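Input: a single structure, listed below in structure tokens.
Everything numeric in this text was worked out from a predicted model, so none of it was measured.
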Amino acid sequence: MSEQPLRVGIIGTGIFASKRHLPAYQKLPSEYKVVACANRTVSKAELFAEKANIPSTHVFSCLDELIKFPDVDIVDALLPVTSNLATVLKAVEAGKPIMIEKPLAHDLADARELVKVCASTDIPVLVAENWSYREAIPKMMKAVVDKCGEVVGFEYVQSIPFRPDNPYLGTAWRATPSHVGGFLSDGGVHQIAFLTGVLGQVERVSAFTRQIKKVNGTVDTVKATMQLKSGVIGTYGLDFASAQPGTGYFRIHGTEGTVEYRFTDFTLSYTSTTSPGEPEVVVAGKDEDDVKNEFENFAEAVRASDKTLLKCTVEDAFHHFAVVCAMVESGEKDGEGVAIPQP
């Protein structure tokens with residue numbers, strides 16, 4: 001493939017396509033050019049095309065037409081995750097790299113099939129878990145290695161404010177979710193990506209789940225105990241039902257100190273066992289454009305025709321989703337311990 005910008009065809013022109021994906025592509029003009037779009041509601045595709053300066057001849061109502069369109073190099077499919085497997089199969093058949101929405105699939109059966117499909121091809125397939133591309137992950141990992149000593153345990157807490165005006169509540173596939181865990185997987189895979197990016201994969205969970213907001217469609221709150229493959233034990237809490245402004249932190253305790261990352265102000269700090277006073281700020285807080293980071297990595301893998309360059313692999317995405325599935329299953333079994341499913 002030439003060093004001209006990669007020509008992108010976007011399938012699904014809804015909220016995230018307009019608010020995050022299109023701006024990220026526009027920040028990387030040497031890497032990408034959005035040249036086509038598709039939506040089964042043509043008027044929505046046409047509206048997106050105006051924002052993206054896409055000619056009317058490159059607007060489609062059928063994803064098959066866009067995937068086969070010769071002017072498209074890569075496909076960005078922002079579709080309900082029930083469509084992920086079928087869409088990836090079509091892109092692979094057409095020989096085109098593709099980015100799909102998270103979570104990887106709506107259930108473990110489709111997720112396992114996607115792992116098999118992606119293992120059978122050299123074509124890069126990216127699951128759009130943009131949190132995997134947060135620079136805070138390697139920085140926190142380094143702080144843990146440099147400052148904590150042996151890891152003793154951890155607490156991961158995210159309380160996401162419930163907002164009745166949340167535009168995603170109006171998305172039909174989120175309002176009546178067929179994907180396991182609803183928001184707990186849709187948003188929760190980001191949390192698991194961050195946690196495992198720093199500490200490694202999860203081995204087993206025991207969890208309690210609950211639905212607080214009817215409009216969320218299914219369980220929206222989880223509290224869990226986790227055992228990692230390393231043997232480390234910690235706790236995990238996530239909800240999509242709390243009041244403003246919400247809270248969030250990831251605290252890792254070691255034999256020589258504690259490292260904490262605050263999601264509210266993006267600050268990474270360290271408290272020593274020998275100097276337990278005011279925490280030392282390791283990294284001052286700043287928000288990140290993780291979607292831009294993600295797209296840069298995808299372009300690198302596509303141009304090199306090397307899927308191993310992807311920082312978040314399909315297997316990683318499977319694990320993140322599988323952890324959520326295990327927590328939901330444990331909640332249905334009144335907190336019984338559940339091993340994390342394998343591909």
Side-chain angles (χ1 to χ4, degrees), residues 102-104 126-160 184-185 187-207 222-238 246-273 279-291 293-294 297 310-324 326-327 340:
K102 48 74 192 168
L104 177 62
L126 176 71
V127 184
E129 292 193 15
N130 47 289
W131 275 44
S132 296
Y133 295 85
R134 292 200 164 189
E135 296 171 3
I137 292 176
K139 290 176 182 177
M140 188 170 190
M141 188 188 304
K142 184 177 188 304
V144 170
V145 171
D146 291 349
K147 296 176 177 290
C148 272
E150 181 182 355
V151 175
V152 175
F154 66 89
E155 297 112 38
Y156 191 109
V157 176
Q158 275 275 44
S159 195
I160 310 296
L184 291 183
S185 63
V189 291
H190 289 318
Q191 317 301 329
I192 302 301
F194 199 103
L195 190 160
T196 58
V198 176
L199 289 179
Q201 290 194 340
V202 183
E203 180 78 27
R204 192 173 182 84
V205 297
S206 174
V222 60
K223 303 295 181 184
T225 299
M226 293 181 168
Q227 182 180 35
L228 306 186
K229 287 187 175 180
S230 65
V232 171
I233 300 170
T235 58
Y236 173 90
L238 174 66
T247 186
Y249 62 86
F250 184 15
R251 192 175 294 144
I252 300 172
H253 305 283
T255 53
E256 297 179 15
T258 295
V259 169
E260 177 179 288
Y261 183 77
R262 295 196 303 267
F263 294 101
T264 47
D265 62 5
F266 315 105
T267 295
L268 181 62
S269 62
Y270 168 70
T271 303
S272 169
T273 54
E280 168 197 346
V281 174
V282 179
V283 178
K286 70 167 187 174
D287 200 359
E288 298 184 49
D289 192 343
D290 46 20
V291 173
N293 298 342
E294 175 183 53
N297 179 231
L310 294 174
K311 293 180 181 177
C312 180
T313 66
V314 172
E315 291 80 9
D316 292 332
F318 180 93
H319 182 72
H320 304 156
F321 180 55
V323 172
V324 177
M327 288 190 289
I340 307 306

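Residues Val189 and Leu104 have side chains not in contact (no heavy-atom distance under 4.5 Å, counting atoms from C-beta outward). Looking only at side-chain heavy atoms (C-beta outward), Val144 and Phe154 stay at 4.5 Å or farther from each other. Using a 4.5 Å cut-off on side-chain heavy atoms (C-beta onward), Phe250 and Gln158 make no contact. Under the 4.5 Å side-chain criterion, counting only non-hydrogen atoms from C-beta, His253 is in contact with Glu155. Here the side chains of Val202 and His319 are in contact, with some heavy-atom distance below 4.5 Å. At a threshold of 4.5 Å between non-hydrogen side-chain atoms, the residues Ile252 and Val198 count as touching.
The 12-atom threshold is exceeded at NZ of Lys223, counting heavy atoms of other residues, nucleotides or ligands nearer than 6.0 Å.
Taking every heavy atom of both residues into account, Leu238 and Gly188 meet most closely at CD2-CA, 3.7 Å. Closest heavy-atom contact between Phe321 and Pro103: CD1-CB, 3.6 Å. Residue Ser132 comes nearest to Cys312 through the heavy atom pair OG-SG, 3.6 Å, listed as atom of the first residue, atom of the second, then distance. Residues Val232 and Gly153 approach most closely at CG1-CA, 4.1 Å, considering heavy atoms. Looking at every heavy atom in both residues, Val222 comes nearest to Met327 through CG2-SD, 4.0 Å. In plain terms, the two heavy atoms of Ala143 and Leu268 that are nearest each other are CB-CD2, 4.2 Å.
Panel note: side chain Glu288, backbone Ala136; a donor-acceptor pair is recorded below 3.5 Å. Checking side-chain atoms of Thr313 against main-chain N and O of Asp316 turns up a donor-acceptor pair under 3.5 Å. Put simply, the side chain of Thr255 never gets that close to the backbone of Gly149: no donor and acceptor are under 3.5 Å apart.
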Stepwise side-chain contact (heavy atoms from CB on, under 4.5 Å) check, Met140 with Val259:
CA-CA 8 Å; Met140 188 170 190; Val259 169; 4.0 Å; yes

Check the pair Asn293 / Lys311 against side-chain contact (heavy atoms from CB on, under 4.5 Å), numbers first and verdict last.
CA-CA 10 Å; Asn293 298 342; Lys311 293 180 181 177; over 6 Å; no

Yes or no on side-chain contact (heavy atoms from CB on, under 4.5 Å) for Phe318 and Val127, after CA distance, side-chain angles and deciding distance?
CA-CA 10 Å; Phe318 180 93; Val127 184; over 6 Å; no

Given the rule in the side-chain contact (heavy atoms from CB on, under 4.5 Å) test, do Ile192 and Met226 qualify, once you have shown the distances and angles that lead to the verdict?
CA-CA 11 Å; Ile192 302 301; Met226 293 181 168; 3.9 Å; yes

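Scanning for side chain to side chain donor-acceptor pair (under 3.5 Å) contacts around Arg134 gives Asp290, with sequence neighbours left out. Here Tyr261 pairs with Phe194, Phe263 under the ring pair (Phe, Tyr, Trp, His ring centres under 6.0 Å) rule; sequence neighbours left out. In this structure, the salt bridge (charged side-chain N to carboxylate O under 4.0 Å, His left out) partners of Glu280, at least two apart in sequence or on a different chain, are Lys147.
A salt bridge links Glu260 with Arg251: at least one charged nitrogen is closer than 4.0 Å to a carboxylate oxygen.
Each of Lys102, Gln201, Glu129 was evaluated against His320; a single residue qualifies, Glu129, per the side chain to side chain donor-acceptor pair (under 3.5 Å) test.
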